[in-house]
Amino acid sequence: MRLARMRTSEGPRVVVSLDGVTFLSPFETFGTAFAAGILENPGEHAVAEISAPVEVSLLPAADPVSKVICVGHNYRDHILELGHPLPEYPNVFSKFPEALVGPADPIVLSPEAKAWDWEAELALVIGRRARRVSPREAGAFIAGYTVANDVSARDWQRRGTQWLLGKTFERTTPIGPWIVAGTVVDPRDGLTVTCSVDGVEKQRASTKDLVFPPDVLVSYLSHVLALRPGDIVLTGTPGGVGVARQPAEFLAPGSVVVTTVSELGTLRNVCVEADVH
């Protein structure tokens with residue numbers, strides 16, 4: 001089963017793809033859809049069968065009120081690439097929902113930043129409220145997985161010890177196209193994460209290389225705050241980022257970024273210059 005949020009003439013709606021059939025649900029957000037039991041009984045919420053939506057009609061695979069929690073330095077090869085020791089605990093930061101864009105939407109490069117970098121990531125979506133759950137229990141709280149690219153303004157990220165401002169520029173983080181149910185895929189089996197820029201592959205890794213896998217992250221975060229249906233956790237990026245290259249490479253208006261996680265789908269986003277008028 002796969003779920004997405006789609007632009008319609010009546011506003012955003014959750015759509016479900018099940019056994020080759022795609023249908024419209026009555027829900028505007030994942031949070032309300034999960035609470036109503038769409039994961040357990042998707043067919044009960046079928047409003048109308050539709051042809052599969054094209055990617056340009058899909059919204060970010062997140063809700064407008066989703067918490068967006070991110071994890072840095074979570075792939076062994078990326079940590080070693082940057083010359084850091086393996087962490088004892090997850091390195092956690094956040095971004096605001098305004099940073100998110102859909103799977104085919106443009107990535108908007110604000111002129112205030114100059115060092116725009118790509119970061120292909122596996123993202124997980126919370127399906128029900130999680131508070132103080134164990135790693136063994138955590139999988140039951142994950143609705144599914146999707147694809148993200150945590151495009152980062154490295155110059156702003158390095159202005160201080162906190163990463164937030166370099167990570168949350170508006171309309172920079174594509175996520176989608178679909179949420180694939182956690183009963184269908186398991187990152188512990190090894191999903192392949194790739195990113196290419198202008199047709200040149202920059203990143204390739206397996207989710208087996210994650211230092212802290214999804215169930216550990218959900219458990220860890222749930223001991224700090226309640227994770228709610230529709231919340232998003234970006235699990236980190238592998239090696240191959242632009243800032244670590246010699247010489248460093250960065251995105252520019254016109255760059256085409258293609259991000260794929262096997263079994264989940266592909267994002268294709270063109271970088272554009274922000275309209276500041």
Taking side chain as C-beta onward, heavy atoms only, is [X] less than 4.5 Å from [Y]?
{"X": "I179", "Y": "Y145", "result": "no"}
{"X": "S255", "Y": "D198", "result": "yes"}
{"X": "R5", "Y": "P64", "result": "yes"}
{"X": "V211", "Y": "I79", "result": "yes"}
{"X": "F30", "Y": "L3", "result": "yes"}
{"X": "V180", "Y": "E263", "result": "no"}
{"X": "L86", "Y": "R76", "result": "yes"}
{"X": "T266", "Y": "V147", "result": "no"}

Scan for salt bridge (charged side-chain N to carboxylate O under 4.0 Å, His left out) pairs involving residues 105-121, sequence neighbours excluded, and state none if there are none. R7-D105, D117-R154, E119-R154, E119-K167

Could you list all the salt bridge (charged side-chain N to carboxylate O under 4.0 Å, His left out) pairs where at least one residue sits in residues 244-261, not counting sequence neighbours? K202-E249

Under the criterion side chain to side chain contact (heavy atoms under 4.5 Å, CB included), I'd like the reasoning laid out for W178 against T146: C-alpha separation, chi angles, the key distance, then a yes or no. CA-CA 6 Å; W178 296 84; T146 191; 5.8 Å; no

Under 4.5 Å side-chain heavy-atom separation, chaining through any Ile, Leu, Val, Met, Phe, Trp or Tyr, what else clusters with [X]? Say none if it is isolated.
{"X": "V241", "value": "V243, F250"}
{"X": "W116", "value": "I107, L109, W118, V151, W156, L165, F169, V197, L251, V257"}
{"X": "V65", "value": "none"}

Contact summary for [X] and [Y], nearest pair of heavy atoms:
{"X": "A274", "Y": "P111", "result": "CB-CD, 3.9 Å"}
{"X": "L210", "Y": "P214", "result": "CD1-CD, 4.2 Å"}
{"X": "A113", "Y": "A153", "result": "CB-CB, 3.7 Å"}
{"X": "C271", "Y": "A252", "result": "CB-O, 3.4 Å"}
{"X": "A143", "Y": "F34", "result": "CB-CZ, 3.7 Å"}
{"X": "P53", "Y": "L58", "result": "CG-CD2, 3.9 Å"}

Are there over 12 heavy-atom neighbours, none belonging to [X], within less than 6.0 Å of that residue's [atom1]?
{"X": "R13", "atom1": "CZ", "answer": "yes"}
{"X": "E137", "atom1": "CD", "answer": "yes"}
{"X": "R268", "atom1": "CZ", "answer": "no"}
{"X": "Y220", "atom1": "OH", "answer": "yes"}

Are [Y] and [X] linked, directly or through intermediate hydrophobic residues, by side-chain heavy-atom contacts shorter than 4.5 Å (ILVMFWY only)?
{"X": "F27", "Y": "V16", "value": "yes"}
{"X": "V14", "Y": "M1", "value": "yes"}
{"X": "I69", "Y": "V224", "value": "yes"}
{"X": "I126", "Y": "V216", "value": "yes"}
{"X": "V193", "Y": "V71", "value": "yes"}

Under a 3.5 Å distance rule, please check whether [X] uses its side chain to pair with a backbone N or O of [Y] as donor and acceptor.
{"X": "S222", "Y": "A130", "answer": "no"}
{"X": "D209", "Y": "D77", "answer": "yes"}
{"X": "S219", "Y": "V133", "answer": "yes"}
{"X": "S152", "Y": "D150", "answer": "yes"}
{"X": "T207", "Y": "L191", "answer": "yes"}
{"X": "T259", "Y": "L267", "answer": "no"}

Rounded to the nearest 0.5 Å, what separation is found between the CD1 atom of I175 and the CG atom of L59? 12.0 Å

Rounded to the nearest 0.5 Å, what's the gap from SG on C70 to CG on L217? Could you check? 11.0 Å

Sorted by chain and number, sequence neighbours left out, ring pair (Phe, Tyr, Trp, His ring centres under 6.0 Å) with F93 holds for W163

Taking ring pair (Phe, Tyr, Trp, His ring centres under 6.0 Å) as the definition, give me every residue that meets it alongside H84, ordered by chain and number, with sequence neighbours left out. H73

What pairs of donor and acceptor atoms, side-chain ones from residues 228-240 against any protein atom, are under 3.5 angstrom apart with sequence neighbours left out?
{"from": "D231", "atom 1": "OD1", "to": "K67", "atom 2": "N", "distance (Å)": "3.0"}
{"from": "D231", "atom 1": "OD2", "to": "K67", "atom 2": "NZ", "distance (Å)": "2.6"}
{"from": "D231", "atom 1": "OD2", "to": "R228", "atom 2": "N", "distance (Å)": "2.8"}
{"from": "T235", "atom 1": "OG1", "to": "L122", "atom 2": "O", "distance (Å)": "2.7"}
{"from": "T237", "atom 1": "OG1", "to": "A120", "atom 2": "N", "distance (Å)": "3.2"}
{"from": "T237", "atom 1": "OG1", "to": "A120", "atom 2": "O", "distance (Å)": "2.8"}
{"from": "T237", "atom 1": "OG1", "to": "Q203", "atom 2": "NE2", "distance (Å)": "2.8"}

Who passes salt bridge (charged side-chain N to carboxylate O under 4.0 Å, His left out) against R128, sequence neighbours left out? none

For E201, check salt bridge (charged side-chain N to carboxylate O under 4.0 Å, His left out) against everything at least two apart and list the hits. R204

Does anything in residues 29-54 form a side chain to side chain donor-acceptor pair (under 3.5 Å)? List the pairs, not counting sequence neighbours. T29-T32

Test side chain to side chain contact (heavy atoms under 4.5 Å, CB included), reference L227, set L221, L124, I142, output is L221

Which donor-acceptor pairs under 3.5 Å do the side chains of residues 181-189 make with protein atoms, sequence neighbours left out?
{"from": "D186", "atom 1": "OD1", "to": "R188", "atom 2": "N", "distance (Å)": "3.0"}
{"from": "R188", "atom 1": "NE", "to": "D215", "atom 2": "OD2", "distance (Å)": "3.4"}
{"from": "R188", "atom 1": "NH2", "to": "D215", "atom 2": "OD1", "distance (Å)": "2.7"}
{"from": "R188", "atom 1": "NH2", "to": "D215", "atom 2": "OD2", "distance (Å)": "2.7"}

